[in-house]
Protein chains: 2
Amino acid sequence: MTSKPNVRQPSHVACRDCSLSSLCLPLALSLQDIDQLDRIIKRGRPLKKGEHLFLEGDPFTSVFAVRSGAIKTYTATNEGEEQITSFYLPSEILGLSGMDTDVYPVSAQAMETTMICEIPFDQLETLSDHFPELRRHMMRLMSKKIREDQQMMMLLSKKNADERIATFLINLASRFRRRGFSSQSFRLSMSRNEMGNYLGLAVETVSRVFTRFQKNGLIYAVGKEIEIRDPVQLCSLAGGKAVDIEQIISSV
Amino acid sequence: MTSKPNVRQPSHVACRDCSLSSLCLPLALSLQDIDQLDRIIKRGRPLKKGEHLFLEGDPFTSVFAVRSGAIKTYTATNEGEEQITSFYLPSEILGLSGMDTDVYPVSAQAMETTMICEIPFDQLETLSDHFPELRRHMMRLMSKKIREDQQMMMLLSKKNADERIATFLINLASRFRRRGFSSQSFRLSMSRNEMGNYLGLAVETVSRVFTRFQKNGLIYAVGKEIEIRDPVQLCSLAGGKAVDIEQIISSV
DNA sequence: CGACTCTTTGATAACCCTCAATCTGTGTGG
DNA sequence: CCACACAGATTGAGGGTTATCAAAGAGTCG
């Protein structure tokens with residue numbers, strides 16, 4: 001299988017051997033096509049916690065896939081504070097929103113030690129000229145991102161603190177599950193502060209809600225480790241569409 | 001120019017003769033290519049106020065361009081209320097967020113009498129197989145939408161009522177200007193209720209802010225007609241990035 | 001002109017933010 | 001190895017912004 005001898009680090013696993021390939025870009029490609037994608041992907045050294053993948057305003061050159069760890073993207077408010085716009089977990093793709101501006105509209109920073117696959121965009125475009133499926137997959141990714149952002153807008157404009165945090169936890173749980181990890185208990189890669197920033201809440205509010213959820217037996221949390229104790233009620237609080245809830249409850 | 005004799009209604013203007021073509025999909029196409037796009041576009045009868053273009057859950061078949069009038073998209077919250085996700089003005093494209101689900105994730109409704117160009121998606125995909133520029137244009141559209149949604153998330157999570165409404169008005173003004181209309185005075189196609197729904201505010205708050213803005217000489221508003229009296233201060237309230245503000249102030 | 005919706009205005013209260021203090025955990029240097 | 005410094009997390013008190021409730025005014029359409 002791995003004819004190339006350069007498997008010096010786990011970061012050099014080929015796409016076809018990557019456990020995340022079924023979730024990531026190669027999804028739509030045949031084995032042979034994957035090798036072509038594989039050739040254009042750059043796998044850099046791991047990013048340490050706090051290191052930046054790119055900065056707001058940097059020239060847009062690549063999209064990125066998270067292999068392990070976690071990335072946050074953020075932009076600066078006019079008062080100079082940071083506003084977190086997304087968290088990215090393994091197999092998730094970031095950088096697509098820079099496409100129409102030639103610069104990244106957000107900064108991307110590692111929240112823990114993180115391995116990244118970098119996909120130079122001009123080469124990805126060239127490649128996608130020949131693989132309509134790859135093209136459609138990228139369009140679908142962007143379309144999905146738009147829908148997710150709209151869910152987020154709904155959260156921010158209609159939900160109270162309890163509902164926001166319940167939604168956030170359920171969302172994380174289902175993303176962990178999709179990657180094959182436990183969705184009942186997992187480790188939050190972000191601080192309470194980052195969570196509040198993302199959810200439009202003060203740190204203190206996040207903390208209070210966590211405490212209350214724990215008192216009521218919805219979750220059990222020590223530090224960043226979290227266990228979902230009552231997925232049904234948590235989903236009910238999150239208040240997604242019924243159809244989504246079914247899926248998530250069965251997954252937690 | 002117009003060799004086809006079927007110009008029975010304004011809605012049957014060909015893309016190459018459409019005053020919005022420089023803003024809409026044909027942007028990236030040569031005159032000859034535009035004609036090919038033109039052939040696949042369906043131009044239905046005008047939608048009357050309140051009529052739906054599509055409903056949440058309808059099978060995804062087409063993307064749409066607004067020719068005149070205005071469209072809102074909304075989704076139902078779990079309590080059954082509507083949550084408006086976007087307003088679309090002439091030359092703007094809607095429906096792209098349905099691409100990865102095969103159904104529209106939102107409903108689209110005319111806020112006034114509205115003319116629409118419908119672009120069947122399968123044909124658009126076929127066409128874009130041959131025109132890389134069309135493809136890139138669509139990707140850019142989606143990328144732009146993602147950035148706009150993220151601006152909206154920032155508005156919802158960090159801005160107070162005054163700032164939200166200032167931002168909304170400045171945004172509308174710049175969109176009107178882009179279409180060649182006055183950005184100093186224009187007509188709101190949405191009700192106070194719809195505006196509040198979109199901005200995450202109660203109707204009463206919207207009304208109060210309008211009254212206060214008027215008292216302070218920022219705007220002059222009677223009903224849906226609105227005039228921007230102090231664009232500098234309004235922009236300052238909106239608090240966008242400095243570079244954007246410059247552009248907008250000069251435009252109002 | 002009457003029924004309707006939309007808008008405005010006022011009073012009240014809920015929710016969450018801010019400020020402040022304490023507590024916990026983590027890493028660093030003596 | 002411990003003590004200390006520091007950042008993050010928790011808890012409490014108080015106040016501000018905006019939602020909610022209620023009612024009246026303005027505009028619209030049959």
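Quick caveat, the model's predicted, so the values are computed rather than measured. We name chains A, B, ... by the order of the sequence lines, and we start the count at 1 in each one.
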Heavy atoms only, 4.0 Å cut-off, all strands: where does [X] land among base, sugar-phosphate and nothing?
X: B/Gly200; answer: sugar-phosphate
X: B/Ala202; answer: base
X: A/Ser191; answer: sugar-phosphate

Length of the line joining [X]:[atom1] and [N]:[atom2], which is rounded to integer Å:
X: A/Leu201; N: D/dA9; atom1: CG; atom2: C1'; answer: 16 Å
X: A/Arg164; N: C/dC15; atom1: CZ; atom2: P; answer: 13 Å
X: B/Arg212; N: D/dT18; atom1: CZ; atom2: P; answer: 8 Å
X: B/Arg192; N: D/dT28; atom1: CZ; atom2: P; answer: 12 Å
X: B/Leu156; N: D/dT17; atom1: CG; atom2: C1'; answer: 16 Å
X: B/Lys159; N: C/dC17; atom1: NZ; atom2: P; answer: 18 Å
X: A/Lys158; N: D/dT18; atom1: NZ; atom2: C1'; answer: 14 Å
X: A/Asn193; N: D/dT10; atom1: CG; atom2: C1'; answer: 13 Å

B/Arg229 bridged to B/Glu227 by N-O distance under 4.0 Å: yes
Pair A/Glu118 + A/Arg43: basic N to acidic O under 4.0 Å: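 Salt bridge between A/Glu118 and A/Arg43, a charged N being under 4.0 Å from a carboxylate O: no.
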It should be established whether [X] places a side-chain nitrogen or oxygen under 4.0 Å from OP1 or OP2 of nucleotide [N].
X: A/Arg208; N: D/dT10; result: no
X: A/Thr211; N: D/dT11; result: yes
X: A/Lys224; N: D/dG8; result: no
X: A/Thr205; N: C/dC17; result: yes

B/Tyr88 and B/Phe64 aromatic centres sub-6.0 Å: no
From D/dT11, D/dT20, D/dA19, nucleotide with atom closest to A/Glu204 side chain: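 The listed nucleotide nearest to A/Glu204's side chain is D/dT11.
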Side-chain heavy atoms of B/Glu225 within contact of B/Ser185, under 4.5 Å: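 Result no, sub-4.5 Å side-chain heavy-atom pair not found.
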Non-hydrogen side-chain atoms of B/Lys158 and A/Gln83 separated by less than 4.5 Å: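 Side chain of B/Lys158 against side chain of A/Gln83, heavy atoms only: contact under 4.5 Å found.
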